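See structure below.
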Protein chains: 2
Amino acid sequence: MKNSDSSRITIKDIAKALNVSASTVSRVLSNHPAISESTRKLVNDKVKEMGFSIDPIASSFRSKKTKSIGVICPRIDIDFHSKVISGIEDYAYNNGYQITIFQSQDNYKKEKEIASMLETSLAAGLIICPGLQTHKYDHLKKFKKANIPLVVYDRSTDGLKTNKVMINDFEASFKATEHLIKSGCKRIGHISGDQSVSIFKARLQGYSEALIQNGLPIEEKLIKETKNLSYEEGLISANELANTNERIDGLVCANDYTAAAAIKVFKKFNYNIPEEISIIGFSNYPISKIVDPQLSTIDDNAYHMGKVASKLLIQQIEDSDFERLDYQEILIKTELIIRDSTKK
Amino acid sequence: MKNSDSSRITIKDIAKALNVSASTVSRVLSNHPAISESTRKLVNDKVKEMGFSIDPIASSFRSKKTKSIGVICPRIDIDFHSKVISGIEDYAYNNGYQITIFQSQDNYKKEKEIASMLETSLAAGLIICPGLQTHKYDHLKKFKKANIPLVVYDRSTDGLKTNKVMINDFEASFKATEHLIKSGCKRIGHISGDQSVSIFKARLQGYSEALIQNGLPIEEKLIKETKNLSYEEGLISANELANTNERIDGLVCANDYTAAAAIKVFKKFNYNIPEEISIIGFSNYPISKIVDPQLSTIDDNAYHMGKVASKLLIQQIEDSDFERLDYQEILIKTELIIRDSTKK
DNA sequence: TTGTATGCGTTATCAT
DNA sequence: ATGATAACGCATACAA
C-alpha cells in the first residue's frame, strides 16, 4: 500500500517549469541580492502556484546550518521553567527558530548525554538550566570548542565563562526585606532554600545585607533552611518561628509555597496579618493571589528571562564567528509586588 | 577566523580505517541483521575509538525519516499543558525521539501556520491540543493525507477522525458529584466553564446526570457558567450562589481556581466547610493542597496523558503504513482525591 | 556476508 | 545576473 504521489516538488521542478537554473531558484528563495526583480517575481509566483516549500532537511544538510535551538531544563512542569520556555519559544518562533526541549530531571548523567547529542549535530545553539547535581561543566565547554552558542539561565555556574541570564536574587531579596523594614518591622525571620544552591544563598545574603544596612541584628535562630522550599517544610519552619520566645513581626520567604504555609501557621497562632506580622514570598506563583490575605511577593519575570535568553542566543548564532568569543551575563530585573500580607 | 578542524568524522573515515566498505559500516550502525559478529565488533570498536557519531541530518535527508515529534499547544506555561508535555517528552526521549514545541496562543491562524510547516517536513508525527478558536480541521486532515501520524489531546475535535487522548470529563464530573451526594448533600450547585468548549460541556453533563440518577432535581439557577474559570469569576459566581434563598450544601466546580474562590466566599458567609457545604474542584492544581480546608478534587493525570499520547504516536510512526489508516480514541482515567473540603 | 554504485534536494564554487 | 556542476553524508538496490 504505497502512496503513489509521494513525489515532493523540488527546486528543480520550479526551475524546469520556468526554464531557469536551479541555482537561480535557490538564490531567489534565500534572498540573494544578485537577482533581477523580474526573475524574482517570476520564481516567487511559480513557487506559490505549484505550492512549493523548501525541504529544510536538505537545506540543513547542504549548508550545515539548522534553525533548531536545543533547550535543556530540569523539568518542564515546574512553573518557573514553563514560563521561561514560553518566553524562549515566543522569541525564537518570531525569529524563525524552533526549540527542541529536553528534561534532565536534575540528573547529571542524562544532562551530559543530551548535551553531547545536541553538540554532535542538530542544534544551532543551546539554552540550558544546569541541574542541581551539575558541578562540572566539561559538557558545556565543548559547545564553545565546537563554536556553538550557549546560554545558561537561572543557575549560576561558577568557573564557566559563558553567556548567562539570571535574576538578581540578591537584590530582589534585599528589596523584599527592605520593604518590610520600611513598613516598620523590627524582627524579621527568613525561610531559606538549599544553601548549596547559589540562588538561594543569594536570597539569604540579600536578606542579611538589608538587615545590616538598616542597623538590625542578624539572629541565626530566625533563619530556617529548608531542602526543597516545599509547603510542608514551610509549615514546619513557620511553626518553629512562631514558637520562639520573642515574637517576630516580619518574615521573608524564599518562595511562595513556604510563604503560603507561613500565612496558615501564623493565622493559627492568632497573628493578624499584616498588622502583627508581615509575610512576603518569592516568585509570584498563582497561589500568591489566592491565599488569604493575598501574598506580597517578588515577581521573577521568568517569561522575560526566557525571551532575553532566546534573544541573546540568536544574536550569537547569527553574528559572525569571532563575536562568539565574548560572553555576556545579563541580570533580569525583578519586581516587588505589594499585596495584603505586608504593611504598606 | 576559521576553525581549522571543522572536518567531521564520517562513515567513510571509519570504513577506510578498517578496509571495509561504507555500506558495511552503515549496516552495523543501523543494526542490519546480515552482518557477522566479528565485523560488527570491529566497526563498533573503531567507532568508539575515533569518537564517531552519525550525522542525523544526513541520515534524515537520505532516509526521509526524522526522530522529531512536533508538539503544538496553546501555551506551555499553563500547568496542565506543561505536565502533558513533560509526559510526552519523557516517553519520547526514552524511545529515541525529540520533541519540538510550538505555542499557538489559541490563535487559529498561527496554529495553521505551524501545522503547515510541520507537515511540509521535519516532523515524524504531530501531537496537538487544538486552540479554542479552532473549529475547522483541514490543517490537521492534511497530516493524514501526507501519511504523518497525528494525535490530538485534551480537546475534542468533532468531525475529525483521528487519534485522540482525552480525559473522561463526563465520568470524572459524575464521580465528583456522586461523591457529594453519597456524603449526604441534597442541593448541589455547579460552577462551569465555557459551554462552547466540549470538555466543560461534558463536566456539566456529568454533574447533571449524577443528580438525575440519584433523584435530585436540576436547578438552573444553581449552575453558573464562567468564561475562563478564573479565580475572580469564581468569586462572583460563588457570591451569587451564597445569596440564593435556599442554602446549597454542595458545590461542584469545573476547576480548582473557582473552587478555591468558592471556599473563600462561603467561609466569609460563615458556612462551615465541609459540615455545611461540601466543595470539590477539578484538576488537582498545587493550590488545592494549600487552601484551607484542603480541597477535594479530581486529578486529571495530565502527565500520564502525555505519556499515552507519545506512546500512541510513536507506535503509529513505527508501524507499517497501512496501520495508520486506523485511529484510536483513548480515555485517560481520572482520580477522585478526597481531602477536607468534602464530607467523607 | 559484504561491496559497488547511485541519488536524496539543496547550496556553493566557478564560470559565463 | 545567471548557469553548470559538484558535493554534503548517508542508506539502499543490486551485484557478487
Side-chain angles (χ1 to χ4, degrees), chain A residues 2-3 5-44 46-47 50-68 96 117 120-122 124, chain B residues 2-3 5-44 46-47 50-68 96 117 119-122 124 146:
Chain A
K2 283 183 215 166
N3 40 346
D5 59 339
S6 67
S7 53
R8 155 173 214 122
I9 299 169
T10 72
I11 282 187
K12 283 181 187 170
D13 296 326
I14 304 286
K16 210 172 293 175
L18 290 173
N19 264 323
V20 296
S21 74
S23 337
T24 301
V25 177
S26 176
R27 286 190 184 102
V28 171
L29 293 171
S30 52
N31 282 315
H32 190 106
I35 287 283
S36 74
E37 264 319 306
S38 53
T39 53
R40 187 182 299 279
K41 181 167 172 19
L42 218 59
V43 170
N44 280 328
K46 186 58 83 178
V47 161
M50 299 181 67
F52 166 83
S53 60
I54 211 161
D55 181 339
I57 305 264
S59 175
S60 289
F61 173 56
R62 176 64 235 236
S63 67
K64 301 294 160 209
K65 290 188 167 96
T66 76
K67 288 289 196 174
S68 168
M117 204 186 77
T120 49
S121 94
L122 275 162
Chain B
K2 284 183 215 167
N3 41 345
D5 58 339
S6 68
S7 53
R8 153 173 215 124
I9 299 170
T10 72
I11 282 188
K12 280 184 189 168
D13 297 324
I14 304 285
K16 210 173 293 176
L18 289 173
N19 265 321
V20 296
S21 75
S23 12
T24 300
V25 177
S26 175
R27 286 189 185 106
V28 171
L29 292 170
S30 54
N31 282 316
H32 190 106
I35 287 283
S36 73
E37 265 317 307
S38 54
T39 52
R40 187 181 298 279
K41 181 166 170 22
L42 218 61
V43 170
N44 279 328
K46 186 59 81 179
V47 161
M50 300 182 65
F52 166 83
S53 60
I54 212 161
D55 181 339
I57 306 263
S59 175
S60 289
F61 172 56
R62 173 64 232 242
S63 67
K64 300 295 159 207
K65 290 188 167 99
T66 76
K67 289 289 196 172
S68 168
M117 205 185 76
E119 182 230 325
T120 48
S121 95
L122 274 164

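When reading the values below, keep in mind they use all heavy atoms of this one structure, side chains included, and skip hydrogens, waters and symmetry mates. The chains referred to below are lettered A, B, ... by the order of the sequence lines, with proteins before strands, and numbering in each begins at 1. Predicted, not measured: the structure shown is a model, and the values here were computed from it.
- For Arg62(B) against dG9(C), no side-chain N or O and base N or O form a donor-acceptor pair under 3.5 Å.
- The number of heavy atoms from other shown groups lying within 6.0 Å of NZ (Lys65(B)) does not exceed 12.
- In this structure, CZ of Phe52(A) is placed 10 Å from P of dG9(C), rounded to the nearest angstrom.
- Out of dA11(D), dT2(C), dT2(D), the shortest distance to the side chain of Thr39(A) is found at dT2(D).
- Backbone-only engagement by Ile54(B) is indicated by non-hydrogen atom pairs under 4.0 Å involving sugar-phosphate atoms exclusively.
- Relative to the side chain of Ser21(B), the nucleotides dT1(C), dG9(D), dT4(C) differ in distance, and dT4(C) lies closest.
- To the nearest angstrom, P of dA7(D) lies 19 Å from CD1 of Ile11(B).
- Rounded to whole Å, atom C1' of dA1(D) lies 9 Å from atom NE2 of His32(A).
- Positionally, the nearest nucleotide of DNA chain C for Val20(B) lies more toward the 5' end than for the other of Ala58(B) and Val20(B).
- Residue-level contact check: Thr10(B) touches the backbone only, with heavy atoms under 4.0 Å from sugar-phosphate atoms and none from bases.
- Counting non-hydrogen atoms of neighbouring residues, nucleotides and ligands closer than 6.0 angstrom, the NZ atom of Lys12(B) reaches no more than 12 such neighbours.
- Without hydrogens or angle criteria, Ser26(A) side chain to Ala22(A) main chain gives no donor-acceptor distance under 3.5 Å.
- In terms of modelled atom types and a separation under 3.5 Å, the side chain of Arg8(A) and the main chain of Ser53(A) share a donor-acceptor contact.
- Within 4.0 Å (heavy atoms only), Asp13(A) reaches no atom of the nucleic acid at all.
- In this entry the distance linking NZ of Lys65(A) with C1' of dC8(D) reads 14 Å, nearest Å.
- Among the heavy atoms of the strands, none lies under 4.0 Å from Ser30(B).
- A donor-acceptor distance shorter than 3.5 angstrom exists from the side chain of Asp13(A) to the backbone of Thr10(A), with no hydrogens or angles considered.
- Across all strands, Lys12(B) comes closer than 4.0 Å to no nucleic acid atom at all (heavy-atom distances).
- Between the CG atom of Asp55(B) and the P atom of dA7(D) there is a distance of 18 Å, rounded to whole Å.
- Side-chain atoms of Thr24(A) lie closest to dT2(D) of the nucleotides dA12(C), dT2(D), dT10(C).
- Comparing dC8(D), dT4(C), dT10(C) by their closest approach to the side chain of Ser59(A) singles out dT10(C).
- Remark: P of dA12(C) and CD1 of Ile35(A) are 14 Å apart, rounded to the nearest angstrom.
- For Phe61(A) and dA7(D), the CZ to C1' distance is 8 Å, given to the nearest whole Å.
- For dT4(C), the base has a donor-acceptor partner in the side chain of Ser23(B) [N/O atoms by modelled type, under 3.5 angstrom].
- Rounded to whole angstrom, the span from the CD1 atom of Ile14(B) across to the C1' atom of dG9(D) amounts to 13 Å.
- A donor-acceptor contact closer than 3.5 angstrom links the side chains of Ser36(B) and Ser38(B).
- Residue Ser26(B) places at least one side-chain N or O under 4.0 Å from the OP1 or OP2 atom of dA11(D).
- Across dG3(C), dT2(D), dT10(C), the shortest atom-to-atom separation from the side chain of Arg27(B) is found for dG3(C).
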